[in-house]
Student: 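Structure provided below as structure tokens; questions to follow.
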Amino acid sequence: GGGDGRNDARNGDRGGRGDGGRGGRDGRDGSGRAPVADPPPRAMRGTESGGRLAPGGGRGDGRGAGDRLAGGAPAPRGGIPGPKPGDRGETGGAKKQSGLSAEQSESESSDKGMSDETYETQRKRVLDYFFDDKDADEAIRAIHGWGPSFEPRVPSFVANLVVSGFERRQMDWQAAGALFRRLPSSVGGPATPEGLVAGIKLVLDDLEDHKCDLPLADTHLATVLAGAVADGSVDFAAVATACAEAGPEGEVGYLKEEGGALPVLCRILGAISASFGTPRAEQVLLNSKVTLGDFLGNMDKEDGATIESVLAKHGLDGLVGSLRPLLAKLAEPDVTGDQLVTWIADSAKPSARVGTEFVGEVTKWALTRGVPNDVPTGAPVASLEPFFKALLAACKGPEKKDGDKKDLICKLDREVAVLYAAQRFCASRDFPEGLLERIFRDLHAGDVLDETAMKAWRDDTSCAIGLETIPGKEKALFQAMELLQEFASDTETETEETA
């Protein structure tokens, strides 16, 4: 519970707090000090009516084998790829022979749908194997096999995934985020965004209770949601609405009033900023049209908190206008490629450099400066070469130190963004014959990127830089066909020589 004399009487009755204090709010223990790590969780209070989740005791290994959902159904044990399905799930140890396949799932279901008992068995098995080997592809294939029976169960599945994670002593939240990121139907997953958000709300309804046992519960929840929200496959505005309405049964809006909703939203934006870059977090917020100031809690207001102070507390004070310094530098009429390289190294914020939006702007500047309107395409564009070093610097991203959190945007993602920026540039000129292939060849010859990036661009279905959809992929693929075939032929030749 909270410190400074505040009595958090949460054992079945919310009304028993001495002065309305929030025990463990914002990941603090009541003394004002942020905890270094999550303490071992204790058992939650019993299940409430209405199908609410409330994990019980565990076995001592953090897996909560005795956990139950309302109605007596057993809760699961335990439990990020990129926007393109299947490219981020790590594969751990060898697969168990008894693992559940999509074919098994489908054969065990019927036209009438799975029974609750069959579903519970399959759900638990899928999550258990996922947290053993971290193979999101296999888990998603198995869930797809459940067919239409899964859709009405999506909310409880999501809530189980997160709440059972709160119970585990050694929980891999990045892996949970990888699986959640693959669930939305917009990226080929088996779940609708509405079902996913409904599951998130089940967790939010009892978040204050969860934070009493696990002060970093909202941070872990943000880790799970960040990838899907950054992709746009789960709407930040919908999550904000769930935060605004969340509360125990009969207490709609409790989380917001108590000041617990705003930290959740800030932590989601912070997680996006850390892994995808501040420009992505900014775009998520702007696209959502959510006003964060509306989520200040009553006690926050009494304490004199402002939205500016809350954003600064969560490291988001530079969220709006995150690309403004770069755009100002690119707007200087006499800036050279070498000067931009120096500026990127010395002045650009790492949180901006990590994202694809940053390299997209640098590429737009380089192509606009380096490729004249009437440039011939039969030979390399000499005027583009002076900008190659700047493009390399942008693709490199920020320096990483030992122990730094792994970004969910890598160098290959930024190189693909260069190609999408070239596609956008050519689309703005109505795809002159041979221009896109010429630019691609010059970028390759200048070692800005290699054939791996070309193939990744070819196969990518997002057609976007960040949340900006780039037009003309079909025309671009047609114009780049000969170059892509050359790369394919070279790969086949190398494979034959190696064999």
Side-chain angles (χ1 to χ4, degrees), residues 41 53 55-56 58-69 73-82 84-109 113-151 153-185 187-191 195-196 199 203 220-221 223-225 227-228:
L53 290 168
R59 302 181 310 186
D61 63 355
R63 296 193 176 188
D67 296 349
R68 299 284 170 187
L69 295 179
R77 293 188 299 172
I80 144 172
K84 304 175 284 300
D87 64 350
R88 300 225 190 257
E90 286 184 28
T91 300
K95 302 286 187 298
K96 297 181 177 60
Q97 294 300 315
S98 58
L100 183 67
S101 68
E103 291 77 10
Q104 286 174 301
S105 296
E106 191 170 2
S107 66
E108 293 180 23
S109 61
M114 288 187 291
S115 68
D116 289 342
E117 182 179 359
T118 300
Y119 167 72
E120 290 295 333
T121 300
Q122 293 193 17
R123 171 186 55 74
K124 187 175 186 299
R125 194 186 308 173
V126 166
L127 288 179
D128 284 351
Y129 280 99
F130 172 72
F131 281 105
D132 280 344
D133 59 24
K134 311 298 189 296
D135 190 337
D137 288 335
E138 183 179 358
I140 292 296
R141 281 195 297 269
I143 296 171
H144 268 301
W146 300 344
S149 297
F150 181 55
E151 182 53 33
R153 293 172 167 128
V154 169
S156 64
F157 179 89
V158 170
N160 268 292
L161 173 68
V162 177
V163 173
S164 61
F166 292 160
E167 290 280 295
R168 295 172 69 96
R169 295 182 184 275
Q170 299 296 327
M171 177 62 184
D172 189 339
W173 290 105
Q174 292 294 334
L179 179 58
F180 187 84
R181 196 177 180 192
R182 296 288 306 281
L183 288 172
S185 54
V187 294
L196 295 171
V203 180
H220 298 323
L221 178 61
T223 300
V224 173
L225 302 182

Student: Answer whether the closest heavy-atom distance between the side chains of T223 and Q174 falls below 4.5 Å.
Tutor: yes
Student: To the nearest 0.5 Å, how far apart are CG in D135 and CD1 in I140?
Tutor: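 Interatomic distance, D135 CG to I140 CD1, rounded to 0.5 Å: 10.5 Å.
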Student: On the 0 to 90° scale, with breaks at 30° and 60°, tag the H220-W173 ring pair as parallel, tilted or perpendicular.
Tutor: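 Plane angle under 30°, so parallel.
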Student: So which heavy atom on M171 is nearest to which on A176, and how close?
Tutor: CE-CB, 3.8 Å
Student: Distance from Q122 atom CD to I143 atom CD1, nearest 0.5 Å?
Tutor: 10.5 Å
Student: Between K134 (side chain only) and F131 (backbone N and O only), is there a donor and an acceptor less than 3.5 Å apart?
Tutor: yes
Student: Indicate yes or no: at least one non-hydrogen side-chain atom of V154 is less than 4.5 angstrom from one of L183.
Tutor: no
Student: Starting at CZ of R153, measure out to OH of Y119 and round the result to the nearest 0.5 Å.
Tutor: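 Going from the CZ atom of R153 to the OH atom of Y119 covers 6.5 Å.
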Student: Do you know which two heavy atoms are closest between A159 and G199, and how far apart they sit?
Tutor: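 Closest approach of A159 to G199: CB-O, 4.0 Å.
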Student: Go through it in stages, so that I can follow the logic: the residues are V158 and V224, the test is side-chain contact (heavy atoms from CB on, under 4.5 Å), and I'd like the CA-CA distance, side-chain angles, deciding distance and then a yes or no.
Tutor: CA-CA 10 Å; V158 170; V224 173; over 6 Å; no
Student: Heavy atoms, side chains only, cut-off 4.5 Å: are F130 and L161 in contact?
Tutor: no
Student: With a 4.5 Å heavy-atom cut-off, do F180 and L196 have their side chains touching?
Tutor: yes
